[in-house]
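One structure is given below, encoded as structure tokens.
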Amino acid sequence: MTDEKYIFSGKAKKNLVITLVVGVVLAIVGIILINTGGHHGGGHEAHEAAGHHDTAVWLKRLYADIWINNIFFTGLAIIGVFFVAIQYATQSGWSVGFKRIALAFGNWLPIAGGIMLLMFFVAGHDLFHWTHHSLYEEFLESGKPNPEYDSIIAGKSWYLNTPFYISRLIVFFVVWILMFRVMKKRMFAEDLEGGTNQWFKLRSLSAIFLVFFAYSSSMAAWDWVMSIDPHWYSTMFGWYVFASWWVTALASIALIAVLLKDKGYLKIVNENHLHDLGKFVWGFSIFWTYIWFSQFLLIYYANIPEETIYFIERLHSETYVGFFWINLILNFFLPFFLLMTRQAKRHTRMLKVVCPIIIFGHWIDFFLMITPGTMKDNGGFGLLEVGTILIFASGFLFVVLSSLAKQPLVAKNHPMLEESLHHHI
């Protein structure tokens with residue numbers, strides 16, 4: 001039971017490669033449709049409406065889609081490490097049987113960091129309005145007032161400037177990756193050594209990681225998502241992005257655990273473990289809704305123009321109003337009612353229905369956070385978006401499953417293994 005090793009079969013690899021190729025084809029077809037006007041946001045009019053920049057609409061939309069997916073899967077990767085750290089810091093035993101699924105997510109971090117850095121250099125001007133130098137000069141060289149000068153953005157220049165932004169991005173990823181690798185090394189060393197020495201070291205390391213994560217994840221949310229709308233800010237935004245990442249990762253861990261069980265793996269995981277995972281998914285779907293509603297209600301009730309513009313762009317736009325309501329349906333109403341009963345949380349059949357809904361629902365959540373600010377009314381959801389999702393999802397799964405295949409699925413010498421074996425609720 002504790003010596004299981006996942007076999008990443010040739011068929012599974014082939015299916016992921018096919019998925020990636022299909023994603024590339026769909027993305028190319030989507031780009032062609034945008035350019036020929038056969039898709040929402042396409043044609044000459046959309047190009048004219050794109051603003052004073054010369055970037056073609058299809059290219060700007062591709063940049064936005066890559067950024068959305070990279071933020072989404074970066075969240076899955078770092079929350080995987082966060083999940084493992086939480087288990088050690090709280091001395092939890094119930095999760096021993098599937099903890100390595102979450103750990104495997106962290107292997108995506110180096111790829112995510114590389115894409116993030118590359119995309120900022122390639123597409124920074126198209127994604128982030130604050131990167132344009134003309135916004136910061138109050139007067140032109142001729143001495144005349146600069147019509148593009150933005151006093152609000154200029155006032156944030158101490159924080160929103162390219163060198164500091166890139167420095168933060170690099171520091172976050174370097175520390176995340178280093179701490180992940182040390183945690184992974186110690187977890188696998190525990191398999192060989194036994195005892196509690198590595199467990200105590202991991203508990204201390206996890207506590208340090210959690211403190212750094214608390215600051216870095218919030219700042220990452222400000223940098224990578226909130227600064228797309230540089231005039232707008234929300235003091236709850238770090239929590240909001242974390243809540244979306246967290247419930248997505250929980251749903252992903254649960255879904256992979258269920259699918260592995262269907263293949264005959266994870267015999268240690270029973271309906272009691274699934275029940276706890278289901279409760280986490282259900283409970284944090286409500287938590288995400290609480291954060292969403294708190295942010296929305298405060299802004300709606302205060303009715304301050306510089307705050308309400310964020311929701312006006314999403315609620316009063318034909319392009320995004322449908323997604324606004326789909327976001328709530330997929331991420332609150334469906335999970336809330338489908339997972340409400342005890343039996344629903346304990347059955348793999350229901351988890352296989354609800355978890356994909358939540359994962360896709362929170363992709364829509366990030367789509368709504370990013371696209372209106374970058375594309376204005378030229379955004380949309382079509383073949384290009386489906387294609388980029390398939391490309392990133394297949395790449396992420398390939399990395400995760402490759403990692404799972406390299407080590408035993410279950411930590412056979414974990415001090416809490418017996419507690420997990422006898423977990424009952």
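Computed from a prediction, not measured in an experiment: that's the story for all the values here. In what follows, every heavy atom counts, from backbone to side chain, and hydrogens, waters and symmetry copies are set aside.
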Practice task
Can you spot which of Tyr290, Phe284, Trp282 makes a side-chain contact (heavy atoms from CB on, under 4.5 Å) with Ile286?
Solution key: Trp282
Practice task
Could you tell me whether Arg100 and Asp191 make a salt bridge, using a distance below 4.0 angstrom between a side-chain N and a carboxylate O?
Solution key: yes
Practice task
Check whether the side chains of Glu137 and His133 place a donor and an acceptor atom closer than 3.5 Å, and report yes or no.
Solution key: no
Problem - Side-chain H-bond candidate by donor/acceptor type, Asp150 with His129, under 3.5 Å - result: no
Exercise for the section: Would you please say whether a donor-acceptor pair under 3.5 Å links the side chains of Trp288 and Asp365? Expected result: yes
Fill in the blank from the handout: Across all chains, not counting sequence neighbours, the salt bridge (charged side-chain N to carboxylate O under 4.0 Å, His left out) partners of Lys201 are none
Handout entry: Ring-face cation contact, Phe83 with Lys99, 6.0 Å cut, 45° max
Key = no
Problem - Centroid-centroid under 6.0 Å between Trp292 and Phe324 rings - result: yes
Problem - Within 45° cone of Tyr63 ring axis and under 6.0 Å: Arg61 NZ or CZ - result: no
Problem - Side-chain heavy-atom pair Tyr88, Arg186 within 4.5 angstrom cut-off - result: no
Practice task
Would you mind checking if Asp276 and Lys345 are paired as a salt bridge, meaning a charged N to carboxylate O distance below 4.0 Å?
Solution key: no
Problem - Those residues that, when tested against Thr289, pass side chain to side chain donor-acceptor pair (under 3.5 Å) (two or more places apart) - result: none
Problem - Under the side chain to side chain donor-acceptor pair (under 3.5 Å) test, residues paired with Trp363 that sit two or more places apart - result: Asn69
Practice task
Assert yes or no for the condition that the ring centre distance of Tyr159 to Trp130 is strictly below 6.0 Å.
Solution key: no
Exercise for the section: Return yes if a side-chain donor-acceptor contact under 3.5 Å exists between Asn161 and Lys156, otherwise no. Expected result: no
